[in-house]
Every structure is written in C-alpha cells, then in structure tokens.
Amino acid sequence: MTPAERKNRLETIAPELLAELSETHEHTRELPALEGAENGVVMRFAPNPSGPLHLGHARASILNDYYVRRYGGRYVLRIEDTDPRRVDPEAYDMVREDIEWLGLGITDIFYQSDRLDIYYDLCRKLIELGGAYVCVCDSERFRELKLKGKACPCREQTVEENLDLWQRMLDNEFYEGDVTVRVKTDLAHPDPAMRDYSAMRIVNSPLHPRVDATVFPLMNFSVAVDDHLLGITHVIRGKDHIANTGRQRYIFDYFGWKPPVYRHYGRMGISGVVLSTSGMREGIRSGLYTGWDDVHLGTLRAIARRGIEAEAVRNAMVDIGIGETDISFSWENLYAKNKEIVDPKANRYFFVPDPIEVTVEGAPRHEAHAALHPNDPSRGVRTLVAGERVLLPKADIEGKSMVRLKDLYNIRLKQVGEVLEVSYAGESLEDARREKAPIIQWLPVGTGLPCTVIRQDGDLAGLCEPLVAGEADRVVQFERIGFARIDSVEDGRVTAYFAHR
RNA sequence: GCUGCUAUAGUGUAGACCGGCCAAUCAUGAGGGACUCUCACUCCCUCGACUGGGGUUCGAAUCCCCAUAGCAGCACCA
C-alpha cells in the first residue's frame with residue numbers, strides 16, 4: 001500500500017484516527033506529580049550569594065518553578081548567606097539579575113542574614129528541649145569519636161550548662177573554632193554522616209557584609225527552621241542533599257514540625273565549561289577569562305551572551321526532569337531547544353570569515369537581493385551590490401573549480417601556479433546545480449564591516465554585511481556558519497558571540 | 001572504610017509503583033532522501049538501548065537476590 005492508499009483506506013474505516021494523525025503533538029513534557037500538591041505548593045529556591053548563577057542553579061530553580069506554576073502557590077527566594085566566608089557582596093545583585101533573566105515566578109524573598117535572631121531563639125529552644133548541646137571539643141577530636149560512634153564529654157552537659165555556654169557564645173566570649181552547637185541525633189546511627197552535626201558556629205572574620213554578627217547557623221539548622229517557618233511544602237534538590245534531609249529531620253522531630261515532601265534528583269555532569277565559583281573567580285583575576293560572562297564559563301550570563309535564551313534553558317531543564325539517575329548535561333540538546341526558538345526570528349546575513357579578495361573577470365555589475373528570512377518573505381531583503389571585486393571565504397573556495405555566490409552568480413576558479421584565476425560563469429542557478437557547485441556567502445569589496453565571531457574554541461575574524469550593525473543584542477544567523485548573538489557594534493566593528501550551528 | 005542512591009540507544013527521556021497491550025516512547029544526534037539560491041527551517045526513510053548473572057512466574061525492562069559500574073554523603077560550606 002502506498003501512503004496515499006493507506007490514507008484513503010484509513011479515511012473509510014476510521015476517520016477519527018486520521019484526524020488524530022494530523023494533530024501536531026506538542027511535546028511539552030509532563031513531569032511526575034508531587035504528592036500532596038493538589039491544593040497548591042510552597043517551594044523555594046535557595047542560592048548562596050557567592051557568585052552568579054550557573055546551569056546547576058538553573059536546574060534547581062526551574063524545576064521548582066515548574067511545579068509552582070503547575071500547582072499554583074508561592075515561590076520563595078531564600079538567600080542563604082549564613083557563611084561570611086562564602087558571601088560575595090556583588091553576588092546579591094548578580095543572583096537577582098540572573099533570576100530575572102530566567103523569568104522565575106518568585107513571590108517572596110528572604111535573606112537568612114536578616115533572620116539570625118530567629119535562629120538564635122530556636123537554637124535556645126532546641127537546647128532547652130535537650131536536642132542540642134554546646135561542644136567545646138576540637139573538631140578533629142570530635143570527628144574521630146564520631147566515626148567510632150562515641151560521645152564526646154560535652155554531650156553529657158546539663159541543659160543549664162548548655163544554655164550558659166550558648167549565652168556566652170552570643171556574648172562573644174569565644175572565638176572562631178572554640179565552640180559549636182551540635183544537634184543530638186544518634187551516635188549509633190549506621191550512617192556516620194547522620195551523627196551529631198553542627199547547628200551553630202562562630203565566624204569572626206571576615207565580617208558579614210549585611211549584618212553585624214559572629215554567631216551563624218549552619219545550613220542544616222537554618223534550612224530546617226526556615227522551611228518550617230516559611231511553610232515550604234515541597235523541596236526539589238540534588239541528591240547531594242539526601243544526607244542533609246536526614247539530618248534536618250531531627251530538627252523537625254524535636255520541634256514536632258511536619259517536614260516538606262522531598263525529591264532528590266541525580267547529579268548532572270556538565271562538561272566543556274568551568275562551573276566552580278573559585279575556579280571562575282581565579283580565572284577572571286588572572287585574565288584567563290574576560291569576566292563572569294566569558295564563553296568558557298557555565299554561568300547563565302555567559303550562555304545568555306552567547307545567544308542562548310532563557311526559555312531554551314527552561315525547556316532543556318524540564319526535559320531533563322527530576323530523575324534520580326546521574327546524567328551528563330547535553331549542550332547538543334540545549335542548542336536544539338534554542339534553535340527551535342531562535343531560528344524563526346533570526347535574520348540571515350553573510351559573514352565571510354578569513355576573506356580573500358578576488359576579481360571576477362567579466363562579471364557584470366549586479367544587485368543581489370537575499371531574503372532576511374527564507375521562510376518569511378514579508379521581512380524583505382538585504383541588497384548587496386557587487387562589481388567585479390568580491391570577498392570570499394577562503395576555506396570554501398579552496399580546491400573548488402566552480403562555486404555559486406548565493407543570490408548573485410556563478411564563478412569558475414582555476415589555480416595557475418601561485419595565481420587564482422576567477423572568471424564569471426553566468427547567472428544560471430541550474431548550471432550551478434548541475435555542476436554541484438557549492439553555494440557560498442560573499443561580500444562586495446568595500447562595504448563589509450569588520451566582524452569577530454567569538455567562540456569557545458577560537459574566534460573567527462572576517463567581515464559581515466553592514467545591516468548587521470542594526471542587530472545589536474539580537475541573534476542572527478550567519479548563513480552557513482551558524483547562529484550568533486550580536487554583542488556590540490562599535491566604530492563600525494562588530495563583535496558577535498557564536499551560539500550554535 | 002562506613003552509609004545511601006541510581007543503572008533503558010551517542011545524549012536526554014517514557015514505560016517500572018499495579019509483570020502480559022514493549023519485537024520498548026518521544027526528543028536530540030548520526031546516515032540517506034525531498035524541498036530550498038545557507039551546511040538553516042520543514043518533511044520522509046534508516047540507524048541505535050532494557051549493565052551482567054541467577055531466581056519467582058505460564059509470562060520479567062518491570063518483582064527478588066547477587067555481582068559490576070557510576071554518583072553522593074561522612075565540614076564549626078551551601
């Protein structure tokens with residue numbers, strides 16, 4: 001049966017199936033349902049302000065955002081700045097900008113550094129409940145004991161002794177490293193990670209940029225407290241937090257709170273870019289990278305600069321989902337998502353990398369009209385006026401005997417010793433097709449703008465069409481090269497960032 | 001070392017909870033073709049996977065056990 005016959009037959013026996021066939025299937029993927037989410041959710045994104053957001057943050061924030069949008073409710077941004085050592089004052093703004101770029105539906109914002117009194121208060125209550133003690137042991141010594149499942153002497157202190165020590169901590173009677181408040185868990189717990197962890201510690205230096213304090217909570221305490229106080233119902237985070245979920249459970253139990261529903265997704269390996277804040281900062285300092293948006297970094301501002309849109313990142317992350325399997329992030333898949341968005345709107349232009357000038361013997365003066373977008377004639381054309389002298393991409397004519405300059409005419413090439421002889425070969429597209437001549441981009445001599453296309457693996461230098469100057473901050477397609485974001489146009493010089501083919 | 005999680009095509013993902021409709025979905029990618037004055041877009045065709053071994057069962061990608069591999073945690077970081 002031919003396809004047409006099959007279609008006819010289907011029409012006679014089951015017209016409703018035929019209708020189904022012609023439907024365009026929208027592949028917006030549905031992620032698994034969350035239990036207890038039917039009446040809305042309260043979720044959170046809790047970055048540490050130590051640098052700009054990167055792809056790892058994008059996954060966490062987008063997946064939580066996805067569920068808030070799906071079920072309705074609130075989306076809390078919680079800035080976790082309880083470690084003065086890991087706070088970069090400039091990162092507060094960067095995080096805010098990146099969140100804006102991502103388009104997250106944040107409804108509430110909290111800074112943990114504003115909430116120290118809340119943590120102090122609940123820490124005292126936890127001590128009173130007998131759920132925590134102030135430990136004055138050397139951390140190394142404590143660790144040894146813990147691994148053996150043994151208690152340190154401080155664990156036997158009375159509530160009064162602990163309260164006294166706690167007050168002295170707050171009164172600045174101790175220095176960094178001298179004391180820590182530990183949550184009493186279970187020293188016999190089979191998982192050593194679960195045994196008596198720290199809830200509060202002292203940091204004397206550096207000073208916190210937002211608050212005058214030296215006693216700070218550790219994340220397992222502040223996170224549990226805030227998740228409860230802020231009414232968080234569901235938490236989606238990486239599996240590196242599985243142990244923390246277990247530790248935080250003790251806080252919930254001591255206070256008689258109901259913990260949120262947790263989902264821990266698998267590790268996402270991201271290759272090809274630098275992600276570690278320290279690595280990025282060091283590279284920027286040493287001049288290896290131009291800044292937080294250097295193309296070699298995995299920050300959101302870097303991929304934005306490369307012309308990747310937030311929606312593409314979102315689609316890629318939802319596609320990846322919340323599976324517990326460890327995965328490797330696929331740039332290829334992200335590029336495909338981005339092309340979906342960018343291809344319909346990107347205007348087409350010629351960019352000639354590594355240009356060589358040739359004189360086309362016998363070529364008439366000719367005006368070429370190339371569509372700004374081949375699928376949308378209404379956008380009009382770029383007009384390029386060519387005489388005998390044109391610029392061609394070196395790599396595309398090497399070894400060729402005939403090529404067609406797109407929308408212009410055909411040329412014949414002959415290498416005679418050191419000299420490349422180029423002659424006019426007519427306007428016929430059919431001729432070019434018949435000879436299987438490549439159709440390549442070109443530029444008239446004189447009108448092109450110097451243009452650098454910045455790529456991860458080396459820049460392309462060349463010339464582009466003058467109209468590109470009007471495309472600043474937009475993504476264009478350089479025909480036969482790929483999509484690129486026009487980053488700047490200064491003094492007639494264009495800088496573009498390569499996105500993908 | 002101790003604890004835990006995971007294992008479906010190159011990549012991501014569905015199916016797994018409630019075994020049969022799975023000779024395993026969709027996307028991406030690769031190869032081929034159509035269209036096209038781009039190596040873009042669109043369309044068509046093809047390629048490619050249930051980690052291994054046992055067990056339960058009439059029947060296992062799905063349940064159980066073992067092995068292997070990967071990952072995470074065992075901070076006075078988040």
Side-chain angles (χ1 to χ4, degrees), chain A residues 3 25 27 29-32 46-50 80-83 85-86 112 135 137-140 142-143 146-147 149 176-182 189-195 197-203 216 218-220 222-223 237-247 264-269 315-321 323-337 339-340 342-344 346 348-350 368-371 373-376 396 404-410 427-430 432-433 437-441 477-483 500-501:
Chain A
H25 292 159
H27 300 298
R29 201 163 93 73
E30 177 110 334
L31 259 31
N48 166 269
S50 57
E80 302 204 334
D81 54 351
T82 54
D83 182 1
R85 249 183 282 281
R86 302 217 341 176
Q112 289 194 315
C135 177
C137 297
D138 176 73
S139 60
E140 201 50 40
F142 179 85
R143 185 170 170 275
K146 177 185 74 176
L147 288 176
E176 196 166 323
D178 290 346
V179 283
T180 183
V181 178
R182 290 187 191 285
H189 197 289
D191 184 353
M194 226 46 76
R195 302 170 189 164
Y197 61 89
S198 282
M200 286 282 180
R201 48 72 153 87
I202 295 171
V203 182
F216 291 93
L218 283 128
M219 71 98 89
N220 281 308
S222 49
V223 163
R237 55 180 176 181
K239 72 180 204 175
D240 45 321
H241 286 294
I242 288 178
N244 293 323
T245 297
R247 291 193 267 225
H264 299 104
Y265 54 75
R267 185 180 191 281
M268 179 167 79
N315 292 344
M317 293 305 169
V318 171
D319 214 43
I320 285 168
E324 294 175 63
T325 317
D326 296 334
I327 58 154
S328 44
F329 173 79
S330 164
W331 289 99
E332 210 172 57
N333 290 357
L334 174 63
Y335 294 156
K337 298 283 184 201
K339 193 187 276 186
E340 226 168 69
V342 130
D343 181 83
R348 270 57 173 171
Y349 295 100
F350 289 157
H369 302 281
H373 197 295
N375 301 340
D376 183 6
D396 285 308
R404 177 173 178 80
L405 310 190
K406 184 170 180 283
D407 301 301
L408 191 66
Y409 49 58
N410 307 329
E427 279 187 44
S428 163
L429 178 61
E430 287 66 39
R433 288 252 159 85
I439 299 171
I440 66 170
Q441 76 278 28
Q477 188 205 43
F478 285 135
E479 298 198 42
R480 307 196 336 120
I481 303 283
F483 294 88
H500 46 72
R501 290 197 59 85

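Because the structure is a prediction, the values reported are computed rather than measured. Within every chain, numbering begins at 1; the chains are lettered A, B, ... in the order of the sequence lines, protein sequences first and strands thereafter.
Within the 4.5 Å cutoff, side-chain heavy atoms of A:H189 are placed close to those of A:R195. For the pair A:M317 and A:M268, the minimum side-chain heavy-atom distance is below 4.5 Å.
One finds a side-chain N or O of A:K146 lying less than 4.0 angstrom from the OP1 or OP2 phosphate oxygen of B:A75. Checking the phosphate oxygens (OP1, OP2) of B:C26, no side-chain nitrogen or oxygen of A:R29 falls inside 4.0 Å. OP1 or OP2 of B:C41 has at least one side-chain nitrogen or oxygen of A:K339 nearer than 4.0 Å. Note on A:R143: every side-chain N or O is 4.0 Å or more away from OP1 and OP2 of B:C76. Between A:R348 and B:A40, a side-chain N or O to OP1/OP2 separation shorter than 4.0 Å is absent.
Looking at heavy-atom distances under 4.0 Å, A:P344 makes no contact with the nucleic acid at all. When heavy atoms are screened at a 4.0 angstrom cut-off, A:D326 is found touching base atoms of the nucleic acid. Within 4.0 Å of A:I327, counting heavy atoms only, lie sugar-phosphate atoms of the nucleic acid but no base atom. Residue A:D396 is classed as a base contact, given a heavy-atom separation below 4.0 Å to a base. A:F483 comes within contact range of the sugar-phosphate backbone alone, with a heavy-atom separation under 4.0 Å but no base atom that close. Backbone-only engagement by A:R267 is indicated by non-hydrogen atom pairs under 4.0 Å involving sugar-phosphate atoms exclusively. At the heavy-atom level, A:E324 lies under 4.0 Å from the strands shown only through sugar-phosphate atoms. The residue A:G266 sits apart from the nucleic acid: no heavy atom pair falls under 4.0 Å. When heavy atoms are screened at a 4.0 angstrom cut-off, A:N48 is found touching the sugar-phosphate backbone but no base atom. Across all strands shown, A:V181 has no heavy atoms under 4.0 Å from either base or sugar-phosphate atoms. Nucleic acid contact class of A:S328 (heavy atoms, under 4.0 Å, all strands): sugar-phosphate only. Residue contacts for A:R195: at a heavy-atom cut-off of 4.0 Å it reaches no nucleic acid atom on any strand shown. Within the 4.0 angstrom heavy-atom criterion, base atoms lie near A:E332. Among the protein residues, A:T82 comes within range of the sugar-phosphate backbone only, with heavy atoms under 4.0 Å from sugar or phosphate atoms but none that close to a base.
Atom CG of residue A:N244 and atom CE of residue A:M194 lie 8.5 Å apart, to the nearest 0.5 angstrom. Atom CG of A:L408 is separated from atom CZ of A:F350 by 8.5 Å, given to the nearest 0.5 angstrom. In this structure, CG in A:N410 is found 8.5 Å from CD1 in A:I439, a value given to the nearest 0.5 Å. Here the NE2 atom belonging to A:H241 is positioned 10.5 Å from the CZ atom belonging to A:R247, to the nearest 0.5 angstrom. Atoms CD and CZ, on A:Q441 and A:F478 in that order, are 10.5 Å from each other to the nearest 0.5 Å.
For the residue pair A:T180/A:S198, the side-chain donor-acceptor check at 3.5 Å is satisfied.
Secondary-structure annotation of RNA chain B gives the stems B:1-7 with B:68-74, B:10-12 with B:26-28, B:29-34 with B:42-47, B:51-55 with B:63-67, with a stem taken as at least 3 successive Watson-Crick or G-U pairs whose two distances both fall under 3.5 Å.
Atom P of B:G15 sits at a distance of 31 Å from the matching atom of B:G31, rounded to the whole Å.
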